[in-house]
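Whatever order the structure lists ligands and atoms in, that order sets their numbers, starting from 1. Everything numeric here is computed off the predicted structure, so don't read it as measured data.
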Amino acid sequence: MEKLIGNKTKANVAVFISGRGSNLKSLIKYSKSKNSLFKIKLVISNKSNAAGLKYAIKSKIKFYVIKYKNVINSEKKILKLLKKFSIGLICLAGFMRILSKNFIKKFNKTILNIHPSLLPKYKGLDTHSRVLKNKDKYSGSTVHLVTPKLDAGKIILQKKIKVSKSDNIKTLEKKILKIEHKIYSEAIFKFLSNL
Ligand code: GRF
């Protein structure tokens with residue numbers, strides 16, 4: 001695999017979002033810490049009204065809205081930006097578009113995603129309601145490599161939480177977000193220090 005860090009000390013990361021951006025917020029915070037092996041150079045959103053863009057603005061991180069009217073053209077634009085900003089690692093954080101096989105191949109570097117379930121259980125959407133419906137005792141979050149197969153790439157880090165009888169979608173989401181805000185940075189650290 002190509003070296004992400006090279007002769008620079010930190011890897012250049014692009015974070016892709018579509019909405020709230022609470023994971024982006026925690027990644028930005030972590031990236032400013034002394035031990036971080038990465039810096040966030042670029043934020044991409046497919047929604048111009050993504051609330052998370054405010055975190056990029058606040059930290060003076062360059063951001064671009066790519067509206068995805070046409071997948072091929074949009075991915076072309078994104079690839080250009082990734083090149084321009086010398087991005088070595090993409091972190092998907094609530095990005096609601098599926099990257100094409102061609103994009104993944106062309107980028108040719110690592111793409112990570114954070115998914116709110118204990119993969120391989122509950123790939124795709126609506127994870128919390130499925131966990132509750134099945135009365136699972138545990139749920140959690142997983143950081144994994146992105147491959148053309150949805151939510152099926154190698155797991156980098158996973159953490160579980162207990163589902164209590166009184167949990168509903170909102171409380172479960174809250175519990176899981178709390179661990180997500182820790183494990184995404186931990187997973188990136190783990191991944192980059194193992195290169
Ligand atoms: C997170 O739960 C993440 O696991 C999933 O989408 C959610 C994004 O939340 N992929 P936020 O936008 O980072 O607050």
**Message:** Check contact between Gly21 and ligand 1, using heavy atoms of the residue and a distance below 4.0 angstrom.
**Reply:** yes
**Message:** Which residue is it: Ile179, Thr127, Ile176, Asp167? I am looking for the one with a side chain to side chain contact (heavy atoms under 4.5 Å, CB included) to Ser139.
**Reply:** Ile176
**Request:** Just jot down the ligand 1 atoms closer than 4.0 angstrom to any heavy atom of Ile114, in number order.
**Result:** 3 (C), 4 (O), 5 (C), 10 (N)
**Request:** Show which atoms of ligand 1 fall inside a sub-4.0 Å distance from at least one heavy-atom site of His115.
**Result:** 4 (O)
**Asked** Does Ile17 come within less than 4.0 angstrom of ligand 1, counting non-hydrogen atoms of the residue?
**Response** no
**Request:** May I ask you to check whether Gly19 has an N/O atom sitting below 3.5 Å from an N/O atom of ligand 1?
**Result:** no
**Message:** Does ligand 1 come near enough to Ser141 that some N or O of the ligand is less than 3.5 Å from an N or O of the residue?
**Reply:** no
**Side-chain donor-acceptor contact under 3.5 Å, Lys105 with Ser100** = no
**Item:** Pair Asn134-Tyr122, side-chain donor/acceptor within less than 3.5 Å
**Value:** yes
**Asked** Relative to the ring of Tyr68, is the ring of Phe95 parallel (under 30°), tilted (30 to 60°) or perpendicular (over 60°)?
**Response** perpendicular
**Asked** When you measure from the side chain of Ser45 to the backbone N and O of Lys47, does any donor-acceptor pair fall under 3.5 Å?
**Response** yes
**Prompt:** Does Asn23 reach ligand 1 with a nitrogen or oxygen that is under 3.5 Å from one of the ligand's nitrogen or oxygen atoms?
**Reply:** yes
**Item:** Modelled atom types, side-chain donor and acceptor of Ser18 and Asn46, under 3.5 Å
**Value:** yes
**Asked** To the nearest 0.1 Å, how far is atom 9 (O) of ligand 1 from its closest protein heavy atom, and which atom is that?
**Response** Arg20 NH2, 3.1 Å
**Taking atom 8 (C) of ligand 1 as the reference point, the nearest protein heavy atom with its distance** = Gly94 CA, 3.6 Å
**Request:** Answer side chain, backbone, both or neither: which part of Glu180 comes under 4.0 Å from ligand 1, heavy atoms only.
**Result:** side chain
**Fill in**
CG of Leu89 to NZ of Lys10, rounded to nearest 0.5 Å, is 14.0 Å
